[in-house]
Asker: 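The structure that follows is given in the form of structure tokens.
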Amino acid sequence: MTEPKSDFLRAIVDRGFLHQATDFEGLDAALCKGPVTAYIGFDCTAPSLHVGSLLQIMILRHLQKSGHKPVVLMGGGTTKIGDPTGRDLSRQMLTEEVIATNKAGIRKVFDKFLTFGDGPTDAVMVDNDDWLSTINYISFLRDFGQHFSVNRMLTFDSVRLRLEREQPLSFLEFNYMILQAYDFLELNRRLKVTLQMGGSDQWGNIVNGVELGRRVDQAELFGLTSPLMTTASGAKMGKTAQGAVWLNAEQLSPYDYWQFWRNTDDADVARFLKLFTELPLGEIARLAALEGAGINEAKKVLATEATTLAHGRDAAIQAEETARTTFEQGGLGGDLPTVEIERTALEKGVGILNLLRQAGLSASNGEARRLIQGGGARVNDAKVEDEALVLDLGALNSDGVIKLTAGKKRHVIVRPV
RNA sequence: GGAGGGGUGGCCGAGCGGUCAAUGGCAGCAGACUGUAAAUCUGCCGGGUAACCCCCUACGUAGGUUCAAAUCCUACCCCCUCCA
């Protein structure tokens, strides 16, 4: 592969976003010629997106920054028939209202990363429900069915692996790749989209779309995939004990988001800096060269930069500041998760087990008890030795709140109201 | 439609009449060591509770047999394989 000439591909390659592409040179040339419109598809099964989608979002951001037009395709139509991947076949179909709500939530996330509008390089969001829901089976078969070879479809990884492992593959699933290919064709017709991007697991779908476009409309389409994201320890990106790492502040506070990045595995830091921040590569190289405890500096930069993209500079700085006072000075930062408690209840006295539960630091009294027995619970930084401990107004610190801690990292402020 | 196999805790997977709240692995939580990392070691890991005492809930669903069932019987639901 030669060094790409277009800004976009150079960024994508240099920062580690590229897995494979169809006609890399052709795409490079097209990107040099003028604005290219490209899309990535997203599910709308949840009211927000989590870190697992961040890689794709960043690609769209780079695309826009280098002068091209990003299209966000919402899979509203495909969501309607449920997601057939995995064994969760019976997953509930979502109603129109839920889908609409989810789309609105997702749109808010994208607003942070992309500039939407009507301009030539402004991002737009579309929903494949607009064309999929009106498909007529007979005419669809006649117009497009002839272009799909089952023999060929059977060779795609997504299908082949399932067959080799003798796992069931429903006809519905088998059709997904056709519908996705059709999305590409439709987007090309409607919005002059000529490039589809996605995770490497989407390669088969993307190639199908490229070929369908060529066969039906003689359109020159391109596809590009990014590596599937895993952490150094092999886990899927974006899952933590508390659940998914959401990109919107309603579901995950900027402080927690910052913490997620701060806790990145050493081995992932350089890679993540390239993928999830927009720092210049030279700066990243400098940070990545830090050794031993010094790498913590790089993690803080990663956390602050990544949080800036999702929540804005101010929120990121505040999260960083809170982390500093909490972790480095043993104080309590103002941005820590806060739980309110009735002042009158506190006057009477609240059991520590109960309080830990209310603060969300343990799921049950038993778990809270175990936490204390294991020596992991602290009140105002003092280890709790007695699980029968009762806290009242006397437990308030000089700030008039109680700082509850579970383990080394989980802090909650309890504030009387 | 016929024959066979199977549904066990977040996941994988033992158990196949009492000693089973259920072996083991993974994941998770806490402690130690550190650097809010990794690896390692230790403890915990259904709920209630003063403690491994007891109570409640749990091995697809609903009944039944038995002093006693995740384990046996019956019906039903679901999944898989083979045959038609």
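Chain letters run A, B, ... following the sequence lines, proteins first, then strands; residues in each count from 1.
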Asker: Could you list all the ring-ring contact (aromatic ring centres under 6.0 Å, His included) pairs where at least one residue sits in residues 341-378 of chain A, not counting sequence neighbours?
Answerer: none
Asker: What contact category does Ala388(A) fall into here, base, sugar-phosphate, or nothing, at under 4.0 angstrom with non-hydrogen atoms?
Answerer: nothing
Asker: List in chain and number order the residues that pass salt bridge (charged side-chain N to carboxylate O under 4.0 Å, His left out) with Arg324(A), two or more places apart in sequence or in another chain; answer none if no residue qualifies.
Answerer: Glu320(A), Glu321(A)
Asker: Go along nucleotides 54-59 of chain B 5' to 3' and tag each nucleotide: B for a protein heavy atom under 4.0 Å from its base, S when only backbone or sugar atoms are that close, - otherwise.
Answerer: ------
Asker: Write down the protein N/O and nucleotide N/O pairs, taken from nucleotides 44-48 of chain B, whose separation is under 3.5 Å; answer none if there are no such pairs.
Answerer:
{"residue": "rG47(B)", "atom": "OP1", "partner": "Ser364(A)", "partner atom": "OG", "Å": "3.1"}
{"residue": "rG47(B)", "atom": "OP2", "partner": "Arg370(A)", "partner atom": "NH2", "Å": "2.7"}
{"residue": "rG48(B)", "atom": "OP1", "partner": "Asn365(A)", "partner atom": "N", "Å": "2.8"}
{"residue": "rG48(B)", "atom": "OP2", "partner": "Gly366(A)", "partner atom": "N", "Å": "3.0"}

Asker: In chain order, what residues pass the side-chain hydrogen bond (donor to acceptor under 3.5 Å, both in side chains) check against Glu211(A), with sequence neighbours excluded?
Answerer: Arg152(A)
Asker: Listed by chain and number, what are the side chain to side chain contact (heavy atoms under 4.5 Å, CB included) partners of Gln358(A), not counting sequence neighbours?
Answerer: Ile341(A), Asn354(A)
Asker: Which residues, if any, of residues 294-308 of chain A bring a heavy atom under 4.0 Å of RNA chain B?
Answerer: Ile295(A), Asn296(A), Lys299(A)
Asker: My understanding is that only residues two or more places apart in sequence, or in another chain, count here; which of them pass salt bridge (charged side-chain N to carboxylate O under 4.0 Å, His left out) with Arg61(A)?
Answerer: Glu278(A)
Asker: Return the set of residues passing side-chain hydrogen bond (donor to acceptor under 3.5 Å, both in side chains) with Trp203(A) (not counting sequence neighbours), or none when no residue passes.
Answerer: none
Asker: For Arg15(A), give me all partners under side-chain hydrogen bond (donor to acceptor under 3.5 Å, both in side chains), at least two apart in sequence or on another chain.
Answerer: none
Asker: Checking Glu283(A) now: which residues fulfil side-chain hydrogen bond (donor to acceptor under 3.5 Å, both in side chains) with it, not counting sequence neighbours?
Answerer: Arg286(A)
Asker: So what does Glu387(A) touch, heavy atoms closer than 4.0 Å: a base, only the sugar-phosphate, or nothing?
Answerer: sugar-phosphate
Asker: Donor-acceptor pairs are to be reported for all side-chain atoms of residues 105-116 of chain A against protein atoms at under 3.5 Å, with residues two or more places apart or in another chain.
Answerer:
{"residue": "Arg107(A)", "atom": "NE", "partner": "Asp111(A)", "partner atom": "OD1", "Å": "3.3"}

